[in-house]
Amino acid sequence: MSDLAARARTLREALARYNHQYYVLDAPTVPDAQYDALFRELQQLEAAHPELLTPDSPTLRVGAAPRDGFQEVTHRVPMLSLNNGFSEADIQNFDRRVREGLGLTEVDYACEPKFDGLAVSLLYRNGVLVEGSTRGDGETGEDVTANLRTIRAIPLRLPLADPPPVLEVRGEVLMLKQDFAALNAAQAARGEKAFVNPRNAAAGALRQLDPALTAQRPLSFFAYGVGEVEGLDLPPTHALLMDVLARLHFPVATERAVVRGVAGLLQYFERIGQQRAGLCYDIDGVVYKVDAFRLQQALGFVSRAPRFAIAHKFPAEEALTEIVDIDVQVGRTGALTPVARLKPVFVGGVTVTNATLHNEDEIRRKDIRIGDQVWVRRAGDVIPEVVAVVLAQRPDNARQFIMPMRCPVCGSAVTRTADEATSRCSGGLFCPAQRKQALLHFAQRRAMDIDGLGEKLVDQLVDGGLVRAAPDLYTLALEPLAQLPRMGMKSAQNLLAAIAHSRQTTLGRFIFALGIRNVGEATARDLARHFGDLPALLAATPEALQAVPDVGPVVAQSIHDFLAEPHNRDVIARLLEQGIHWPEVQAPTVQARPLAGLTLVLTGTLPHLSRSEAQVRIENAGGKVAGSVSKRTHYVVAGADAGSKLEQARTLGIQVLDEAQLLSLLNQETPSP
DNA sequence: GATCCTCGAGTTCT
DNA sequence: CTCGAGGATC
C-alpha cells in the first residue's frame, strides 16, 4: 500500500471515530476545527487520486452527484409492518395469543419507543455500507444509498476487524425535534416555507434526488433490528441484539427495556407516555416484541405481520372544527360516498379539509349535520375521520344530509339494495365519473402501470372527448394531446411512451385492470394462474370459476356477468387489437401441478433456495405455503436451524422434507397423495 | 352456525 | 388504514 493510501485510510478511520463520538455518543473528543481540517485533507487527497475513494469514505456524506430517479430494490427479507393496538384490551389479547401460541404462562418482552420516521434498510457487505433503501411496500423499496450516506449517525463501515459477509440493519430515519425547530427557523429566515412536521421534513430530505440537499438536512437514525445476516452469530434475544448493534456504532433507543408479562407492558406504556413530550424525537407509540428469537420463530406470521410483535399506539390527537358542507363522490363501482368538507384544521401533523363519512347509515348513526362542530382525528394517523358531534353547539340552521335521488355527475337514478350500506349510481359507464375512475384503475401502478396518467389528466381526456374507454388510450395522437391545457410536447410524448410501454404486461395485471367487481389484484392473479390464458377465462362457466381458490358464488357471478356484457367483450377485443400482450402462463395441467391442493410450511434455511424462491416454486406447482404448522399441513420443509415448526411437525406426525425431497416432489409428474 | 382470515374498495395529503 | 363482505374452516 502506498503512503497516500495509508494516509487516506488513517483519515477515514479517524473521521469515522470522531463522527461516532459526536453524532451517536454525543461526546465529541476533538474540536470541530480539527475535524474539518482532517476532512478537507481527505477530500483533497481523493480529488487528486480518485482511486483512493472508497464507498465508506466520510467525504461521501456531503453528497454525491444528483440522479435522475431512484432504482427499485427488492428486500430479500421482506420489511413487515406491525399490527396496532390502541387499548389495554388489545394488549391483553396480544399477550394472551402469544402465551397460548407458546404454551407459556408468562413471557418476556423487549419494549422500545415507536419512532415517527421512515423505515429504511442498510446493507453492509464485508463491513461496508453498500446499499440503503426505503421500506417501500415492504417487498420493494427505493435505493437511497447516496442520501443515507449523508446521515452522520449511520456508520459507513462496521468497527470490526473481521466483519460478516452480509449484515442488513433496519431502523428509522427521523429528524430530532431540536433539529427540526432549527431547520424551520432557518427556512423562515430565508423567507422559505416551513415544514409541517419532523416526519415530513425527514421524508422530503430522504427523497431528494440531489444527495447534497439531503446532506444539508439534519437527519438522524436509530436501529431497531436486522434483516438478512450471513456469517454473524446472532444473540438469542432482541434486547441482546440491540446491544450488539450499539457496539457496532449504531444509535439505538436508550428508552428500551425488557419487561415481564402484560403488567410490565402496560407499565412501560405508561412510563413512556409520561416521558413523551420530553423525548428528543417524535414517537407515536411503543413497540413490544417477544424477546427470545426462538419464541418469535415459533409464533410466526399472520399474512403480513408478525404474531410476536405489536405496536401500542398513543391515542390519536383530536381537533375541533366545523362541517362546512357534505358532498357526494362517485367511485369506480358507482358507489356514492358522502364526504365532509371541513373548515381546515391542523391535526396529527397535517391540515385536514376533507373526511369521508362512508355512507348514509354512518351519518345517521353519528347524527352529523351540516354546520355542526365536530371532533376530527386521523384514524391510524392517516385517514381523517369524524369522531363525534358536539351537540351542545349545534346551530339552529344545521342541515341534515340527504342522499340525492340522482347521481350528481350523470343524473342517473340512485339505487340502494336492502343488503348493502352503499348507494350506487345506476348509470354504469354512461356516467363520466365511473368512466374516469375505471380509467384511473386501469392505469394504476398495480394494473397496467401507465406512468403519469393521473386524476387531472383523466379528467381532461374524458371531458375533452379524447378518451371514452381504455382502448382509446392506445390510439391517442400526439397533436391533440399536446394542445390540452398545461400539457406541452414533451409531456405528451412522455405520456404516449408510458401508454406504449404498458402494452407489455401480464395476464394477471390485465384481468385486474379490467375492473371486474369483486376481482382485485390477488383474485386476478389466481384467475390468470388457474386458466392460463384469456380464451379459457372468457369461456368459463360460473361453476368452472368457482374452482379457482377464493372464488365463491358471488365472485364467480361478478366475473360471469362482466364477461357476458357485450360492451366489455368489445373493450377486451379492442385492447388486444391494440397490441396488449403478455408472456404465456405455464399451462395449468395436472401434470405441471404436482402439489395441487397441498399445504406446505417452510422452516429454517434451505441450502440453495431462498424462502421466497421456494414459495414461488411451490405455488407454481399448485401448492400453498402457510405460515404455521397445523393438522391441515401436508408437508413441512425444513432446512438448517429449523425452529419449533419442525418440532410441531413431529408432534403432529407430519411428514418432514428436506430441500432435495421438495425438489423431487416439484419435479414429479402426478399429484402427490 | 360461528369464527377466522383474506381480499376488495374507498379514502387523505404531500 | 379501515371497514365490510366473501370464502374457508371448525
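Numbered from 1 within each chain, the chains take letters A, B, ... in sequence-line order.
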Hey, can you pull the donor-acceptor pairs under 3.5 Å for the side chains in residues 88-95 of chain A, sequence neighbours left out?
from	atom 1	to	atom 2	distance (Å)
D90(A)	OD1	S87(A)	OG	3.3
D90(A)	OD2	F86(A)	N	2.8
D90(A)	OD2	S87(A)	N	3.2
D90(A)	OD2	S87(A)	OG	3.3
N93(A)	OD1	R96(A)	NH2	3.0
N93(A)	ND2	A89(A)	O	3.4
D95(A)	OD1	Y109(A)	OH	2.6
D95(A)	OD2	R99(A)	NE	2.8
D95(A)	OD2	R99(A)	NH2	3.4

Closest approach to the side chain of D550(A), judged atom by atom: which nucleotide of dA8(C), dA9(B), dC13(B) is it? dA8(C)
Centroid-to-centroid, F269(A) to Y288(A), below 6.0 Å? no
Regarding R97(A) and E100(A), does a basic nitrogen lie under 4.0 Å from an acidic carboxylate oxygen? no
What's the CG-C1' distance between D526(A) and dG6(C), to the nearest Å? 14 Å
How many whole angstroms separate atom CG of L440(A) from atom C1' of dT12(B)? 16 Å
Of the listed dG8(B), dC13(B), dA9(B), the closest approach to the A522(A) side chain comes from dG8(B)
On DNA chain B, nearest-nucleotide positions of R332(A) versus T351(A): which is more 5'? R332(A)
Write down the distance between CD (Q557(A)) and P (dA5(C)), rounded to a whole number of angstrom. 19 Å
When all nucleic acid strands are considered with a 4.0 Å heavy-atom cut-off, which category describes T333(A): base, sugar-phosphate, or nothing? sugar-phosphate
Atom CG of N518(A) and atom P of dA9(B): how far apart are they, to the nearest Å? 6 Å
Between dT12(B) and T353(A), is there an OP1 or OP2 to side-chain N/O distance shorter than 4.0 Å? no
For A309(A) and K289(A), which heavy atoms make the closest approach, and how far apart are they? CB-CG, 3.8 Å
Name the closest nucleotide to the P384(A) side chain, picking from dT14(B), dT12(B), dG7(C). dT12(B)
Value in whole Å for how far the C1' atom of dA9(B) lies from CZ of F442(A): 19 Å
Tell me which donor-acceptor pairs under 3.5 Å the side chains of residues 429-445 of chain A have, and how far apart each pair is, sequence neighbours excluded?
from	atom 1	to	atom 2	distance (Å)
Q434(A)	NE2	C425(A)	O	3.4
R435(A)	NE	R468(A)	O	3.3
R435(A)	NH1	L429(A)	O	2.9
K436(A)	NZ	D459(A)	OD1	3.3
K436(A)	NZ	D463(A)	OD1	3.1
H441(A)	ND1	Q444(A)	NE2	3.4
H441(A)	NE2	F512(A)	O	2.8

Mind calculating the distance between CG (D327(A)) and P (dG10(B)) to the nearest angstrom? 18 Å
May I ask you to evaluate whether T523(A) reaches the phosphate of dG8(B), defined as a side-chain N or O under 4.0 Å from OP1 or OP2? yes
Any carboxylate oxygen within less than 4.0 angstrom of a Lys/Arg side-chain nitrogen, looking at D327(A) and R341(A)? yes
Which of residues 334-347 of chain A sit near DNA chain B, with a heavy atom under 4.0 Å from it? A335(A), T337(A), V339(A)
Check the phosphate of dT11(B) against Q329(A), side-chain N and O only, distance under 4.0 Å to OP1 or OP2. Yes or no? yes
Please give, in whole Å, the distance from dG8(B) P to R424(A) CZ? 15 Å
Residue pair T333(A) / R424(A), side-chain donor-acceptor N/O under 3.5 Å: yes
For E521(A) and dG8(B), what is the distance between atoms CD and P respectively, to the nearest whole Å? 8 Å
Nearest-neighbour nucleotide for the N354(A) side chain, dG7(C), dT11(B), dC13(B) considered: dC13(B)
